[in-house]
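Note sheet for the following structure.
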Amino acid sequence: MADYRDLWSNLGMDLEKHDLLCEALPQLYGGVYLIQENRPEGMNYYNFVVSEVHGLRIKELDDHKKAGGKVVGTFCVFVPDELIIAAGAIGVGLCGGSQFWIEDGEKVLPRNLCPLVKAIVGAKISGTCPYFQSCDLLTGETTCDGKKKAYEVLGEYAPIYVMDLPQMKRDKDYKKWEEEIYEYKAVLEELTGNKITEEKLSEAIKLCNRKRAALQRLYNARKVLNVPISGKDVLLVSQIAFYDNPERFIEMTNKLCDELEDRIKKGIGVASEKSPRIMITGTPMAIPNWKMHHLIEESGAVVVCEETCTGTRYFENEVDETQTTMEGMIKALADRYMNINCACFTPNKGREEDVVRLAKEYGADGVVYCNLQFCHTYNIEYRQVEKALKEAGIPVVFIETDYSNDDTGQLQTRIEAFLEMLK
Ligand code: BJ8
C-alpha cells in the first residue's frame with residue numbers, strides 16, 4: 001500500500017493506534033482468504049480492495065471532498081443510497097465488524113450490548129476508521145434499541161441525522177416512511193447544496209438497481225450443484241459493495257460472474273459435490289467479520305446463501321424504474337425499502353417466508369442461524385424461523401457469538417456436529 005499517512009493525519013486519525021489495526025488485517029485476511037485453493041481469478045480485484053481498504057478509496061473520498069463534494073455514512077440497509085447519490089454525495093456503509101473497536105466502544109457504552117453497535121461507536125471514538133473520519137454527515141435510523149440509543153452517543157462526536165423507521169408494515173407505515181424519505185431528501189440537499197431533481201434520482205435508481213442485479217447474478221451462480229465460488233468470497237464481495245465506487249463495483253462483479261458462469265459450464269467447483277450446502281441467516285456480518293463462514297467452510301461445508309443484510313436483504317427487490325415524477329419515485333423507494341424483512345419489525349412473517357424460500361432456491365441442506373450476542377430482535381425471532389424451517393423439513397442450528405475468538409473451539413464442535421447430522 002502507498003503511504004497515506006499525511007492523508008490519515010489530515011483526517012484527524014490516531015496514527016499509532018491505526019498502525020496496530022493495519023498490522024492485524026493482513027494476517028487475518030491471509031489466514032481466511034488467501035489459503036483457499038482454486039479461487040476464481042476475479043477475486044484478485046477484491047484482494048486488491050482489501051489491501052487498499054484504508055488507502056485508495058479514502059483518497060477517492062478525499063479528492064471528491066476537495067472538489068466540493070460530500071461524504072455520507074450509513075449503518076442500515078433501510079437508508080436509501082439512491083438519494084445520497086442523486087444529491088451528488090458519496091455514501092459509505094459504516095457498520096463495524098472488528099473486535100479491535102470493541103474496547104473503545106465499551107468506554108462509552110454498556111458491555112452487554114451487541115458487538116456491531118459497540119464497534120460502530122468504538123471505530124469513531126478511537127479515530128482509527130478513515131471512513132468515519134471522511135464523513136460530513138452520519139445517517140442513523142430507529143431500528144433496534146441498541147443502535148437507536150447509540151446514535152445519541154455518536155452524536156457527541158460527529159454530526160448525525162436519524163431517520164425514523166416505522167416498526168410495523170401497515171399502509172400508514174409505508175406513508176410514514178415516504179415522508180421520512182422526503183425529509184431526508186431535504187437534509188441531503190442542504191448538506192450538498194445540490195437539488196435532487198427527477199432526472200438525477202431516476203439515474204441513481206437505475207445505478208443502484210444495476211448493483212442489485214450484479215449481486216443477484218453472483219448469488220445465482222451459487223445455486224448449482226458444483227458451487228464455483230466459496231461462501232466467504234461472496235461475503236467479501238457483499239461487504240465491499242457497501243463502500244466501493246458503485247460503477248466500478250458493478251463492472252468488476254459482472255466480470256467475476258462471467259468467470260463463474262464459465263466455471264459452471266466447465267464443471268469447476270470449490271467444494272466436493274458431497275459437501276453440505278449451508279445457508280446462513282440472521283444478523284449482518286460487517287467487514288472484517290468472516291468468522292462463521294470460515295468456520296463452516298473449514299469444516300468441509302460450503303455456504304451457498306446469506307439471508308442477512310450483508311446478503312439477500314441488501315439486494316433483493318429492485319426499485320420500480322418506470323416512475324418519472326418525484327412523488328412516484330419517492331413512493332417507489334419507500335415501497336422497495338419497506339419490503340426488507342428486518343427483525344426490528346413486528347410482526348415479521350415475511351422473514352420466515354424468505355428464509356424457507358431461499359433455503360429451497362439455493363438447495364441448502366441446512367441453515368445456520370447466526371445471532372450476534374445481545375441482539376434481542378433476531379434472537380427472539382429464532383423461535384418462529386425455526387418453526388417455519390422445521391415445517392419445511394429443513395434442519396437448523398442456532399449459534400450466538402461475538403467478534404472475539406474466545407468461542408472458536410466450541411463453535412467448531414457445534415458446527416461439526418450439525419454437519420455430521422446432515423449427512
Ligand atoms: S435492516 S439487521 S442493517 S437494523 S445485530 S445492531 S439489529 S442488536 S444491524 Fe440491521 Fe438495518 Fe435490520 Fe439490517 Fe441491532 Fe441486532 Fe446489533 Fe443489528
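These values consider heavy atoms only, across backbone and side chains, with no hydrogens, waters or symmetry-generated copies. Ligands are counted one by one from 1 in listed order, and the atoms in each one are counted from 1 as well. This is a predicted model, so every value here is computed, not measured.
In the vicinity of Cys76, heavy-atom distances shorter than 4.0 Å reach the ligand 1 atoms 1 (S), 3 (S), 4 (S), 11 (Fe). Of all atoms in ligand 1, listed by their number and element, those nearer than 4.0 Å to a heavy atom of Cys144 are 6 (S), 7 (S), 8 (S), 14 (Fe). Contact atoms of ligand 1 toward Thr143: 4 (S) (distance under 4.0 Å to a heavy atom of the residue). Close contacts between ligand 1 and Cys342 involve ligand atoms 1 (S), 2 (S), 4 (S), 12 (Fe) [criterion: under 4.0 Å to a heavy atom].
For the residue pair Gln133 and Lys124, a side-chain donor N or O sits within less than 3.5 Å of a side-chain acceptor on the partner. A donor-acceptor pair shorter than 3.5 Å cannot be found between the side chains of Asn348 and Glu352. Side-chain contact check for Tyr29 and Asn47: at least one donor-acceptor pair (N or O, by modelled atom type) lies under 3.5 Å.
For the ligand labelled ligand 1, residue Val117 lies inside the 4.0 Å heavy-atom shell. Proximity of Gly146 to ligand 1 is not established, as no heavy-atom distance is less than 4.0 Å.
A ring-centre distance under 6.0 Å is not found for Tyr337 and Phe78.
Not a single N, O or S atom of Cys344, from either the backbone or the side chain, sits less than 2.8 Å from atom 11 (Fe) of ligand 1.
Because its NZ or CZ atom is not both nearer than 6.0 Å to the ring centre of Tyr403 and within 45° of the ring axis, Lys291 does not count as a cation-pi partner of that residue.
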